[in-house]
Amino acid sequence: FLTAFNYQGFYITALDKIAYQYLKTWFPCDLAGSFPFDKVILATAGAGMDLSSLRILKAVRMLKLIRAIKLMNIVTQLQEKEGFASLKPMLKIFKSSFVIIFMSHLM
């Protein structure tokens, strides 16, 4: 809850407002992407239950990909700004490391 957000051209830094904004926007996505619905269903499922709906639940986890893409766009924008010339090598290393870790997580 320490990341300000933009509201009508102003950055909101009040922690309670940031928390409320997060609960309204990204919290459902994060909850759906991190809760192990598939494991709960497998643990409670009977032997004859159709488990094809698990594919849908696994697809929900891919919603976190949206956040990863957003982060990569922010890093790219920082690399393109002139005042961040000294940080370019570090941002490049971060970006490469992130892609490697994310791809290994998917495999």
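- Atoms CD1 and OG1, from I12 and T3 in turn, are 14.0 Å apart once rounded to the nearest 0.5 Å.
- Across all non-hydrogen atoms, the minimal contact from F5 to K17 is CE2-O, 3.6 Å.
- For the residue pair P28 and L23, the shortest heavy atom distance occurs at CD-O, 3.7 Å.
- A distance of 8.0 Å separates CZ in F10 from CD in Q8, rounded to the nearest 0.5 Å.
- Note: the hydrophobic cluster containing Y7 also contains I18 (ILVMFWY, side chain heavy atoms under 4.5 Å, direct or indirect links).
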